[in-house]
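Just so it is clear: chains get the letters A, B, ... in the order the sequence lines come, proteins before strands, and each one is counted from 1. Note that the structure is a prediction, hence the values are computed from the model and not measured.
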Protein chains: 2
Amino acid sequence: MPKRVDHTERRTEIAEALLRVAARRGLHAVGMRDVAAEAGVSLRLVQYYFETKEKLLLFGLQQLADRFGERVAARVRAAGDHPGPRAMIEAMLTAALPTDEDSRTFHLVYTSYAVLSVTDEVLAAQPFIANPDAAEGTLVALFRQAEESGLIRPGLDAHLEAVGLLAMSAGLGTSILVGQRSPESAAAVLKHQLDRIFQ
Amino acid sequence: MPKRVDHTERRTEIAEALLRVAARRGLHAVGMRDVAAEAGVSLRLVQYYFETKEKLLLFGLQQLADRFGERVAARVRAAGDHPGPRAMIEAMLTAALPTDEDSRTFHLVYTSYAVLSVTDEVLAAQPFIANPDAAEGTLVALFRQAEESGLIRPGLDAHLEAVGLLAMSAGLGTSILVGQRSPESAAAVLKHQLDRIFQ
DNA sequence: ACCAACGTGGTACGTTCGTATCACAAAGAG
DNA sequence: CTCTTTGTGATACGAACGTACCACGTTGGT
């Protein structure tokens with residue numbers, strides 16, 4: 001049976017299983033055995049490809065961030081061939097809202113990781129600063145571009161707007177997740193905010 | 001030794017211990033024995049006053065929400081004798097930001113509960129809808145009041161503004177918690193947003 | 001003064017967790 | 001054709017967890 005196997009691919013499959021279980025039962029309740037069962041492999045294999053649970057969690061977080069990046073990129077591409085800054089910004093912000101099962105998973109698991117990273121030092125590492133910072137940078141650039149095109153009233157602080165919008169989007173996402181708000185009303189709030197900034 | 005004891009008071013003490021441990025090591029890592037040690041009582045007593053861990057968690061969440069309500073109320077009172085709507089709104093929103101150790105605890109543990117409530121049905125019960133909804137209602141009322149006093153430009157949607165600001169505050173709080181943003185810059189973002197709404 | 005209920009301690013039980021160990025089959029290298 | 005490496009299974013181990021059980025001193029009611 002033991003053909004030579006691609007480690008990276010196998011690790012990805014197992015990490016995907018981890019994310020599925022985490023989405024279903026919560027990240028705190030995920031055990032090595034659950035991941036193994038979900039991936040359809042033995043416990044030993046999970047141990048083999050990720051020596052320790054911590055490394056599995058780390059890889060899973062990385063994977064989650066990567067997948068989300070692709071999701072946002074796809075959304076932006078779907079916004080059209082030459083989308084204006086407003087359309088791109090709206091696509092980015094609404095992509096982060098938990099509207100379908102995939103984005104629900106992302107939001108829930110990512111938030112779980114964020115909570116873990118506060119008390120677990122080794123998990124606090126890269127992605128919780130790098131990833132949102134990148135989104136912030138992109139948003140700032142889009143605002144600057146919109147400003148030069150005269151689409152928004154001049155003199156507004158691109159950085160403050162970008163940070164505020166991202167925080168608002170994240171907060172709305174959480175309230176959707178816990179069932180307090182509908183995705184539609186959250187999108188309306190974001191749209192309202194953008195309406196005030198643009199034109 | 002067994003004097004007749006006030007159950008409510010004892011339960012409160014134990015719940016406070018739970019919150020302290022949760023703040024230090026994360027809610028997911030809290031065990032009954034940890035709570036007992038932190039409260040300075042035996043494991044048996046924790047079992048005695050809360051028969052099960054689930055009930056302890058539920059009570060702890062209630063306690064956390066109560067304490068936060070008091071905190072916000074104190075902040076609003078501290079804003080002055082006859083604070084304008086703007087000052088009250090700003091007090092409410094900044095009270096939710098994790099600036100000191102107490103509010104850090106609140107934000108972290110509350111977020112942990114929120115994450116748990118998504119997958120744990122019994123925990124999803126009351127406070128995650130009731131509490132934010134109350135804040136939303138208060139904010140809406142303040143906006144209406146400000147509108148009637150002519151402090152803000154007419155025709156703005158009080159509900160959309162309230163929801164957006166609360167979400168922004170929550171999102172900023174999380175980014176402070178994970179170390180991405182400083183409390184000062186988060187407060188500046190909120191202030192900027194309020195500046196645009198008022199007058 | 002007795003008796004039932006209350007408050008408290010100690011400890012044991014069954015389960016689950018992450019990790020380690022042992023064994024072995026298949027495949028590439030020489 | 002051997003031999004070392006790689007992949008995989010089964011299982012064992014020690015710790016920690018939530019909970020249950022048993023014993024005992026104290027208190028208030030009658």
Please list every donor-acceptor pair under 3.5 Å in which a side-chain atom of residues 16-27 of chain B meets a protein atom from a residue at least two apart or in another chain.
from: B:E16; atom 1: OE1; to: B:R67; atom 2: NH1; distance (Å): 2.4
from: B:E16; atom 1: OE2; to: B:Q63; atom 2: NE2; distance (Å): 2.4
from: B:E16; atom 1: OE2; to: B:R67; atom 2: NH1; distance (Å): 3.3
from: B:R20; atom 1: NE; to: B:E38; atom 2: OE2; distance (Å): 2.7
from: B:R24; atom 1: NH2; to: B:E38; atom 2: OE1; distance (Å): 2.7
from: B:R24; atom 1: NH2; to: B:E38; atom 2: OE2; distance (Å): 3.3
from: B:R25; atom 1: NH2; to: B:D34; atom 2: OD1; distance (Å): 2.9

Review point. Quick one: on DNA chain D, does B:M32 or A:Y49 contact a more 5' nucleotide (nearest heavy atom)?
Key: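 Whichever sits nearer the 5' end wins; that is A:Y49.
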Distance check needed: [N] [atom2] versus [X] [atom1], whole Å only.
X     : N      : atom1 : atom2 : value
B:Y48 : D:dA23 : OH    : P     : 18 Å
A:L57 : C:dT19 : CG    : P     : 10 Å
A:L45 : D:dA10 : CG    : P     : 10 Å
A:R33 : D:dA12 : CZ    : P     : 13 Å
B:L58 : D:dG18 : CG    : P     : 16 Å
A:R11 : D:dG7  : CZ    : P     : 12 Å
A:R25 : C:dT16 : CZ    : C1'   : 12 Å
B:H7  : C:dC6  : NE2   : C1'   : 7 Å

**Study point:** Closest-nucleotide ordering on DNA chain C, the 5'-leading residue of B:D6 and A:E54
**Key:**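 That would be B:D6.
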Review point. Is B:S42 near enough to C:dG9 that one of its side-chain N or O atoms lies under 4.0 angstrom from OP1 or OP2?
Key: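 For C:dG9, OP1/OP2 do have a side-chain N/O of B:S42 under 4.0 Å.
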Practice item. Tell me whether the OP1 or OP2 atom of D:dT19 has a side-chain N or O from B:T52 closer than 4.0 Å. Key: yes
Show every donor-acceptor pair shorter than 3.5 Å between a side-chain atom in residues 182-191 of chain A and any protein atom, with sequence neighbours excluded, or say none if there are none.
from: A:S182; atom 1: OG; to: A:E184; atom 2: OE1; distance (Å): 3.4
from: A:S182; atom 1: OG; to: A:S185; atom 2: N; distance (Å): 3.1
from: A:S185; atom 1: OG; to: A:S182; atom 2: O; distance (Å): 3.1
from: A:K191; atom 1: NZ; to: A:D195; atom 2: OD2; distance (Å): 3.3

Check your understanding: Does NZ or CZ of B:R11 lie under 6.0 Å from the centre of the six-membered ring of B:F59, at an angle within 45° of the ring axis?
Key -> yes
Practice item. Using a strict 4.0 Å threshold on nitrogen-to-oxygen distance, state whether A:E90 and A:R86 make a salt bridge. Key: yes
Check your understanding: For A:Y49, which residues count as a ring-ring contact (aromatic ring centres under 6.0 Å, His included) partner, sequence neighbours excluded?
Key ->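 Checked A:Y49 against ring-ring contact (aromatic ring centres under 6.0 Å, His included); matches are A:H7.
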Point to revise | All pairs passing salt bridge (Lys or Arg N to Asp or Glu O under 4.0 Å) where residues 102-112 of chain B contributes a residue, at least two apart | key: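 Not a single pair qualifies under salt bridge (Lys or Arg N to Asp or Glu O under 4.0 Å).
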Study note, to complete from the structure: Contacts satisfying side-chain hydrogen bond (donor to acceptor under 3.5 Å, both in side chains) that involve residues 164-181 of chain B (not counting sequence neighbours) are A:D133-B:Q180, A:E136-B:R181
Review point. With a 4.0 Å cut-off on heavy atoms, is B:V46 in touch with a base, just the backbone sugar-phosphate, or nothing at all?
Key: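 No contact.
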Review point. When we call it a touch if two heavy atoms are under 4.0 Å apart, what does A:V35 touch: a base, just sugar-phosphate, or nothing?
Key: nothing
So which protein N/O to nucleotides 20-24 of chain C N/O distances come out below 3.5 Å?
from: C:dA20; atom 1: N7; to: A:Q47; atom 2: NE2; distance (Å): 3.1
from: C:dA20; atom 1: N6; to: A:Q47; atom 2: OE1; distance (Å): 3.0
from: C:dT21; atom 1: O4; to: A:R44; atom 2: NE; distance (Å): 3.2

